[in-house]
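For the numbers below, each heavy atom of this structure counts, side chains included, while hydrogens, waters and symmetry mates do not.
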Amino acid sequence: MRIGAGAAAAANMAACSSVPCSFPTKPDPHRRGRSSHLPRLPAATQFRRFRSLSAAAAASSSASRLRPRASVSASAAPSKDYEFTDGNGEVELRLDIQKLGIESARDVFVDVDDTSLLIRAKSDGTLRTLMNVQTLFDRIKSSETIWFIDEDQLVVNLKKVEQELKWPDIDESWESLTSGITQLLTGISVHIVGDSTHINEAVAKEIAEGIGYLPVCTSELLESATQKSIDTWVASEGADSVAEAESVVLESLSSHVRTVVATLGGKQGAASRFDRWQYLHSGFTVWLSVSDASDEATAREEARRSVSSGSVSYAKADVVVKLGGWDPEYTRAVAQGCLVALKQLTLADKKLAGKKSLYIRLGCRGDWPNIEPPGWDPESDAPPTNI
């Protein structure tokens with residue numbers, strides 16, 4: 001499965017990444033505090049009798065099982081037999097080379113560029129790979145790399161481009177992303193949108209468990225409130241009724257932080273309507289889009305065209321992640337692609353999280369991305385005076 005991720009705010013700078021096909025054990029979801037407040041729906045007539053709703057998110061067991069069109073690009077994670085530290089504007093690796101029989105620094109070869117690192121050493125006449133990091137956690141200044149041998153250790157010093165970004169580890173692994181992305185999200189929630197409710201829910205749960213946020217499925221909130229399935233609701237009252245009700249839920253959730261919200265897919269979802277994005281903009285929004293692209297370059301171009309054309313409402317999302325098919329077994333790979341895209345987005349615009357926070361504090365009035373001054377009335381005819 002190839003995953004292409006592009007920033008909607010800068011469609012011409014779309015980025016793509018290959019996601020490893022195997023991952024270590026999932027991290028403990030309880031390692032960070034979670035919000036103890038469950039969302040409440042406003043006192044709309046149809047929901048007035050429901051005062052509190054459970055926000056537990058569970059993917060439907062009846063989800064269609066679609067095979068990916070291409071295999072995941074395999075990339076073996078580096079072994080953890082090294083010491084890693086993040087200092088002032090630089091990171092440092094220390095590898096134990098005592099048992100390798102390396103006689104001098106001439107037997108060590110360090111190849112590095114702005115995003116990757118390859119360390120090899122000649123031992124007993126054989127050139128061995130000590131570390132091969134195909135994707136570093138973030139960019140480095142490769143020309144300023146320093147390495148030397150300190151007694152029985154090989155020390156490699158790398159200069160970071162983003163000096164204030166804390167690196168959890170050397171590589172852009174699932175563990176590093178889930179640990180490091182929260183410093184960039186700053187508590188702002190994440191909204192998952194797309195045509196498939198099942199995919200949205202599965203990916204939202206995986207991301208929430210990884211970063212320690214609260215998973216929320218709007219389908220579960222709505223079904224809990226009405227005591228009937230979404231399909232039954234659509235059949236009896238129409239897709240417009242469901243979309244309107246989901247908008248009420250999204251309004252309630254817009255004041256919450258540290259949540260990952262899975263929205264409804266298809267025409268019954270609020271995200272499929274151009275005029276229903278007022279409260280979706282309160283979070284970082286990820287559009288999951290199944291693609292026919294056969295490679296990452298094509299997926300990147302497809303993402304750019306999707307965003308620039310604006311032909312579908314999902315193009316309002318902050319990032320778009322193109323999926324070469326879907327299989328539940330690849331949920332973590334898709335979730336990792338989402339985190340990569342969000343990391344790129346927030347590093348490209350360091351003021352974006354603060355702008356989202358301001359939009360929330362002013363009441364999510366629908367003036368995204370050109371936020372108006374306090375007191376602005378979206379119903380007024382007054383000319384905009386953006387702040």
Side-chain angles (χ1 to χ4, degrees), residues 1-10 13-21 23 26-27 29 57 59 68 72-73 135 137-138 172-186 188-217 258-263 265 271 280 283-291 296 299-300 302-303 306-307 314-349 352-353 356:
M1 178 185 288
R2 295 273 183 180
I3 297 179
M13 299 176 63
C16 293
S17 61
S18 294
V19 181
C21 62
F23 302 87
K26 295 181 181 179
V72 176
S73 298
T135 307
F137 184 74
D138 193 41
E172 195 180 59
S173 64
W174 171 252
E175 287 75 15
S176 295
L177 284 166
T178 53
S179 177
I181 192 67
T182 53
Q183 64 185 298
L184 300 172
L185 299 180
T186 64
I188 301 298
S189 294
V190 177
H191 296 153
I192 308 297
V193 304
D195 281 327
S196 171
T197 300
H198 298 314
I199 295 177
N200 296 348
E201 291 180 350
V203 175
K205 284 188 63 180
E206 192 72 25
I207 293 175
E209 181 179 359
I211 67 177
Y213 277 26
L214 179 70
V216 178
C217 294
R258 297 181 178 84
T259 62
V260 182
V261 181
T263 63
L280 283 167
F284 292 110
T285 313
V286 181
W287 172 20
L288 300 180
S289 176
V290 177
S291 169
E296 290 179 357
R300 182 188 297 113
E302 188 178 82
S306 297
V307 172
Y314 296 132
K316 290 175 172 281
D318 295 303
V319 296
V320 51
V321 176
K322 291 289 185 177
L323 312 180
W326 171 254
D327 188 308
E329 294 180 3
Y330 290 82
T331 301
R332 176 167 290 188
V334 177
Q336 183 167 342
C338 294
L339 294 184
V340 169
L342 288 171
K343 181 165 76 73
Q344 294 173 351
L345 173 73
T346 50
L347 285 175
D349 185 354
L352 185 58
K356 291 280 187 183

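Contact between Ala204 and Val261 at its shortest, heavy atoms only, is CB-C, 4.5 Å. When all heavy atoms are compared, the tightest approach of Asn200 to Gly194 is ND2-O, 3.4 Å. Of all heavy-atom pairs between Gly265 and Thr197, the closest is N-OG1, 2.7 Å.
Shown here are the side-chain hydrogen bond (donor to acceptor under 3.5 Å, both in side chains) partners of Thr263, two or more places apart in sequence or in another chain: there are none. Residues that satisfy the side-chain contact (heavy atoms from CB on, under 4.5 Å) test with Thr285, not counting sequence neighbours, are His191, Val193, Trp277, Ala317, Asp318. Evaluation of the side-chain contact (heavy atoms from CB on, under 4.5 Å) rule for Asp195 yields Tyr314 as partners, not counting sequence neighbours.
Taking CG from Asp327 and CD1 from Ile199, the interatomic distance works out to 10.5 Å, rounded to the nearest 0.5 Å. Atoms OG and NE2, on Ser196 and His198 in that order, are 6.0 Å from each other to the nearest 0.5 Å. Here the CG-CG distance, from Leu339 to Leu184, works out to 10.5 Å after rounding to the nearest 0.5 Å. The line from CG of Asp138 to OG of Ser176 is 11.5 Å long, rounded to the nearest 0.5 Å.
Between Tyr213 and Thr182, the closest side-chain pair of non-hydrogen atoms falls below 4.5 Å. Proximity of Leu185 to Ile211: side-chain heavy atoms (C-beta onward) are separated by under 4.5 Å at one or more points. The side-chain heavy atoms of Leu177 and Glu172, taken from C-beta on, include a pair separated by under 4.5 Å. In this structure, Cys338 and Leu288 have side chains that are in contact, with non-hydrogen atoms separated by less than 4.5 Å. Inter-residue side-chain proximity for Ile207 and Val286 is flagged as unmet; no heavy-atom pair is nearer than 4.5 Å. Tyr330 places none of its side-chain heavy atoms less than 4.5 Å from the side chain of Leu323.
With hydrogens and angles ignored, the 3.5 Å screen pairs a side-chain donor or acceptor of Thr178 with a backbone N or O of Trp174. Remark: the backbone N or O of Gly180 is paired with a side-chain donor or acceptor of Gln183 at under 3.5 angstrom. Proximity of a side-chain donor or acceptor of Lys356 to a complementary backbone N or O of Gly283 within less than 3.5 Å is detected. Judged by distance alone, the side chain of Ser289 and the main-chain N or O of Lys322 form no donor-acceptor pair under 3.5 Å.
In the model, Glu206 has no side-chain atom that pairs as donor or acceptor with a side-chain atom of Thr331 under 3.5 Å.
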